[in-house]
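To start, the structure under review is shown below, and the notes come after it.
Chain naming here is simple, since letters A, B, ... match the order of the sequence lines and numbering starts at 1 in each.
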There are 2 protein chains.
Amino acid sequence: MEQTEGARRNPLSPGRILHTAVALADEGGIDSVSMRKLAQELGVVPMALYKHIANKDELLDGMIDVVVSEIDPPGAGLDWKTAVRQRILSARRALLCHTWASRVIESRTTPTPAVLAYMDSMIGMLLSGGLSVDLTHHVMHALGSRILGFSQELFTPSASVDPREAATAVRAMSGTYPHLAKVAARVDHDEGAVVGPGCDDQFEFEFALDLLLDGIEALRVRRWSSHSSQQAAP
Amino acid sequence: MEQTEGARRNPLSPGRILHTAVALADEGGIDSVSMRKLAQELGVVPMALYKHIANKDELLDGMIDVVVSEIDPPGAGLDWKTAVRQRILSARRALLCHTWASRVIESRTTPTPAVLAYMDSMIGMLLSGGLSVDLTHHVMHALGSRILGFSQELFTPSASVDPREAATAVRAMSGTYPHLAKVAARVDHDEGAVVGPGCDDQFEFEFALDLLLDGIEALRVRRWSSHSSQQAAP
DNA sequence: ACCTGAACACCGTTCAAGT
DNA sequence: ACCTGAACACCGTTCAAGT
């Protein structure tokens with residue numbers, strides 16, 4: 001007949017559910033976000049959530065939009081390359097704050113409205129920077145998930161990597177994977193000497209990003225078009 | 001006291017389990033590969049699988065290695081760029097044959113021996129092509145999962161996309177996402193006119209790959225080093 | 001000693017029973 | 001009419017009971 005005190009004081013809403021879900025994922029990883037655990041965190045029965053969100057897919061989409069909304073708006077008065085670079089690095093910051101986000105976005109099959117809006121804005125930056133519609137289209141594909149700050153590494157090194165343990169592993173694999181060991185040994189050496197960037201995630205991300213952006217700028221200057229060239233990037 | 005006829009005729013083995021699991025995933029998607037369904041497909045009780053594979057993680061690792069083993073060996077007598085390009089396109093072919101593979105690889109946290117061997121071989125190709133150890137290291141990061149043929153698109157377009165339906169969607173979103181609609185409309189137009197590549201996955205993949213490889217070749221020629229430059233890719 | 005069926009601890013979601 | 005607890009159909013894996 002009457003709602004419980006807890007519910008009246010703090011009524012459920014899509015916003016509160018989403019906020020709690022994001023906090024839960026930030027703290028305990030995405031696996032700790034189940035409809036059951038989320039309901040428990042909110043002090044309600046699991047089925048109560050279904051009054052505010054249709055299903056778990058909608059919950060995940062909402063969580064993505066929370067992260068995407070943390071991306072800074074585009075800066076004004078900058079050349080296209082600087083502006084795009086800044087925005088992508090901002091997206092990367094947002095993504096790094098929520099370690100679960102990239103995995104969740106990858107698992108989705110259709111983009112959320114916030115992601116579409118972000119992509120639309122990014123396309124606008126490219127077009128107003130002087131890129132043709134044709135080039136812009138291919139550039140969006142070439143940047144791909146990197147637009148949202150994805151590092152696109154094959155294996156993200158697990159957080160708990162003891163340097164001494166890693167060095168031992170490198171020595172052990174030098175027989176089986178000689179080339180890999182050679183590169184890994186060099187990175188170790190660099191880190192010890194503090195001479196240059198050994199294996200800094202941020203450096204690697206910017207290295208790849210700049211490689212692409214510089215190549216794209218060259219195509220823009222050359223008025224490259226997919227219609228007029230046999231090769232993609234001569 | 002005696003094994004069943006089925007089991008005696010076709011005894012379980014890690015190889016047979018893996019082969020069946022890959023076939024099952026190829027046919028019905030990765031979700032149809034559960035220990036229970038896999039056992040059913042093999043005509044055994046679920047627990048029988050655990051005699052040959054430790055757990056589901058080991059099964060997934062084994063499935064990955066099956067796909068990776070389908071990648072062609074490196075071609076001989078080619079310059080590094082052509083050789084690397086060919087090999088990555090071969091990896092992409094293997095990956096496209098098994099639509100579940102990229103998702104499964106992404107979900108793993110540690111690389112399998114076959115993946116390590118492939119990466120080791122790829123590093124060897126770069127080093128013997130004249131790239132420094134330093135540059136090779138950053139190049140491996142920059143290529144990232146693209147080395148295995150990942151397209152790194154933000155959203156892989158679902159297989160069932162009706163062109164007419166897509167055109168309607170583009171017109172509908174032109175108000176909310178004007179820039180996106182502009183690019184999408186251009187792609188539609190191109191496809192109709194058969195003038196150039198509208199949105200061919202293979203073209204987009206090669207476009208991005210060549211953008212990176214050409215940029216890398218330029219760095220090699222310039223003897224670029226992460227120690228001697230402030231900017232990653234000047 | 002060995003194999004295996006039942007059981008455990010989960011999951012997202014449905015549905016009918018109770019107020 | 002509405003809310004919700006039990007139930008359904010799964011999942012990977014454990015474990016003890018039976019042969």
Stepwise salt bridge (charged side-chain N to carboxylate O under 4.0 Å, His left out) test for A:Glu206 and A:Arg85: CA-CA 9 Å; A:Glu206 294 184 20; A:Arg85 188 178 198 277; 3.1 Å; yes
Roughly how far apart, to the nearest Å, are [N] and [M] at atom [atom1]?
N: C:dG18; M: D:dC8; atom1: P; value: 15 Å
N: C:dG12; M: D:dT14; atom1: C1'; value: 24 Å
N: D:dT13; M: C:dT13; atom1: C1'; value: 23 Å
N: D:dC3; M: C:dC11; atom1: C1'; value: 23 Å

Could you state the atom-to-atom distance from [atom1] of [X] to [atom2] of [N] in whole Å?
X: B:Leu38; N: D:dT13; atom1: CG; atom2: C1'; value: 15 Å
X: B:Glu58; N: D:dT13; atom1: CD; atom2: P; value: 11 Å
X: A:Ile30; N: C:dG12; atom1: CD1; atom2: P; value: 11 Å
X: A:Asp57; N: C:dG12; atom1: CG; atom2: C1'; value: 10 Å
X: A:Met35; N: D:dA9; atom1: CE; atom2: P; value: 20 Å
X: B:Gln40; N: C:dT4; atom1: CD; atom2: P; value: 16 Å
X: B:Leu60; N: D:dC11; atom1: CG; atom2: C1'; value: 13 Å
X: A:Lys51; N: D:dT4; atom1: NZ; atom2: P; value: 9 Å

Polar contact flag, side-chain donor to acceptor under 3.5 angstrom, B:Arg87-B:Ser121: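 Note: B:Arg87 and B:Ser121 side chains meet the donor-acceptor criterion.
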Distance-only polar pair, side chains of B:Ser145 and B:Gln152, donor-acceptor under 3.5 Å: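 Distance-only check passes for B:Ser145 and B:Gln152.
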C:dC11 OP1/OP2 closer than 4.0 Å to side-chain N/O of A:Lys56: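 Result: no.
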Base partner of D:dT4, which must satisfy Watson-Crick or wobble distances under 3.5 Å: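 Because both required distances fall under 3.5 Å, D:dT4 counts as paired with C:dA16.
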Counter-base of D:dA9, judged by Watson-Crick or G-U geometry with both distances under 3.5 Å: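 Check on D:dA9: unpaired, no WC or wobble geometry under 3.5 Å.
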Backbone N/O of A:Val68 and side chain of A:Asp65: donor-acceptor pair under 3.5 Å: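 Flag not set: sc A:Asp65 to bb A:Val68 has no pair under 3.5 Å.
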Measuring from the side chain of [X] (C-beta onward, heavy atoms only), which nucleotide among [options] has the closest atom?
X: B:Met47; options: C:dG12, D:dC15, D:dG12; answer: D:dC15
X: B:Arg36; options: C:dT4, C:dA7, C:dG12; answer: C:dA7
X: B:Val45; options: C:dG5, D:dG12, D:dT4; answer: C:dG5

Sidechain N-carboxylate O distance under 4.0 Å for A:Arg186, B:Asp134: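 Salt bridge: no.
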